[in-house]
Amino acid sequence: MFCMNCGAKLQEGAKFCMNCGMAIGENKSNETKLVPAKCTNCNAPLEVDATQSAAICPYCKTPYIVEQAIHNYNISMNGNMNINNATININNGMNIDNLMKRAQRFEADGNYKQAVEYYNKVLDLDINQLEAQNCINRIMKEIDDYVYFKSSANKVFTFGTLSLKKEKLVFTNKNGKETVYFLHRISNPRVTMGCLGFIYDNKTAEITYATSEAKKWVELIKNAQIGVYPEIHISNGKDELADYIKANYDRNSMVRAIKYCREQTGWGLKETKEYVEKCILN
């Protein structure tokens, strides 16, 4: 016996539906009350008379038991089925193992955005899935530490490297000491006297870094301030970029190879030139 209001199965002798609270027999309408169901053969959506014992699917023409069709619908909507006191998560056809494999593949390819999206789908299905949560935490740390672009730079005769990371610039001198500039506190980035210049924390004094990449840095900073960063490139233990350069470029196309490499990695000109020469000439 099923509730005429919501289609939930009723306990024998029940006076109220435990799902919707409607009193049994409360519906005094003379019209037949139809409840949602799903064909047990083709899964087509149906509306059935819960007082009937059997019917024929209008889509696949297969006879079905009304009680089973209603049960089939409830499983697809609620996502859980109880068998011998054990709860099995049906998840509308989504499989946690498959979602994890897809997320891991995206992560291995360096497609962190898609990887996080699929790990979150896993957590939507099972909030206690620790592996998915740990993977998201790992990716977030990878993104925070990832260097999108870097080049040689110097400030007042202090030589080092200027790096773009998520939401910050980091200048590292030759002794390894870091100076951090948060992007949301940087204003008016520009090329000044051939150097990169910007105002930090609304102070009047301009901070300048001598670098051959000043124009590129201005563009990068402005884009990063609105959340646009160069594409992440992950080698994953195998230098696929080097393999690609070796296969598609030679001595006569070195300039194009350098341009391609910089687009893929965000590296500075000097570092990219040395890398490409090593790939092609060695």
Problem - S187 side chain reached by Y200 side chain, heavy atoms, under 4.5 Å - result: no

Problem - K273/E277 salt bridge by N-O under 4.0 Å criterion - result: yes

Exercise for the section: List the steps, then state whether ring-ring contact (aromatic ring centres under 6.0 Å, His included) holds for Y146 with Y229. Expected result: CA-CA 11 Å; Y146 186 79; Y229 291 87; 9.7 Å; no

Exercise for the section: Ignoring hydrogens and angles, state whether a donor on the side chain of N137 or Q133 is under 3.5 Å from an acceptor on the partner side chain. Expected result: yes

Problem - Ring geometry between Y181 and F198 (parallel below 30°, tilted from 30 to 60°, perpendicular above 60°) - result: perpendicular

Can I get a per-line list of side-chain donor-acceptor pairs under 3.5 Å for residues 158-174, giving both atom names and the distance, sequence neighbours left out?
from: T158; atom 1: OG1; to: K155; atom 2: O; distance (Å): 3.3
from: N173; atom 1: OD1; to: N175; atom 2: N; distance (Å): 2.9
from: N173; atom 1: OD1; to: G176; atom 2: N; distance (Å): 2.9
from: N173; atom 1: OD1; to: K177; atom 2: N; distance (Å): 2.9

Problem - 4.5 Å side-chain heavy-atom contact, Y112 and I143 - result: yes

Problem - Electrostatic pair R262-E271, nearest N-O below 4.0 angstrom - result: no

Handout entry: Y275 six-ring face occupied by K278 cation (under 6.0 Å, within 45°)
Key = no

Handout entry: Heavy-atom check, side chain of P189 versus side chain of K222, under 4.5 Å
Key = yes

Practice task
Count the heavy atoms belonging to other residues, nucleotides or ligands that lie under 6.0 Å from CG of D201, then report whether that count exceeds 12.
Solution key: yes

Exercise for the section: Might you confirm whether atom CZ of R105 has over 12 heavy atoms from other residues, nucleotides or ligands at distances under 6.0 Å? Expected result: no

Fill in the blank from the handout: Across all chains, not counting sequence neighbours, the salt bridge (Lys or Arg N to Asp or Glu O under 4.0 Å) partners of E206 are R190

Practice task
Could you tell me the separation between the OH atom of Y119 and the CD1 atom of I139, rounded to the nearest 0.5 Å?
Solution key: 5.5 Å

Exercise for the section: Decide yes or no for R185 and N202: does some side-chain heavy atom of the first lie under 4.5 Å from some side-chain heavy atom of the second? Expected result: no

Problem - V276 side chain near L281 side chain, heavy-atom distance below 4.5 Å - result: no

Problem - Pair E131-Q104, side-chain donor/acceptor within less than 3.5 Å - result: yes

Exercise for the section: Taking only Lys NZ, Arg NE, NH1 and NH2, and the carboxylate oxygens of Asp or Glu, determine whether K101 and D97 approach each other closer than 4.0 Å. Expected result: no

Handout entry: Heavy-atom side-chain contact between I221 and L196 under 4.5 Å
Key = yes

Practice task
May I ask you to test the L34-V48 pair for a side-chain heavy-atom distance under 4.5 Å?
Solution key: no

Practice task
May I ask you to test the C261-I245 pair for a side-chain heavy-atom distance under 4.5 Å?
Solution key: yes

Completion exercise
d(L99 CG, Q129 CD) to nearest 0.5 Å is 10.0 Å

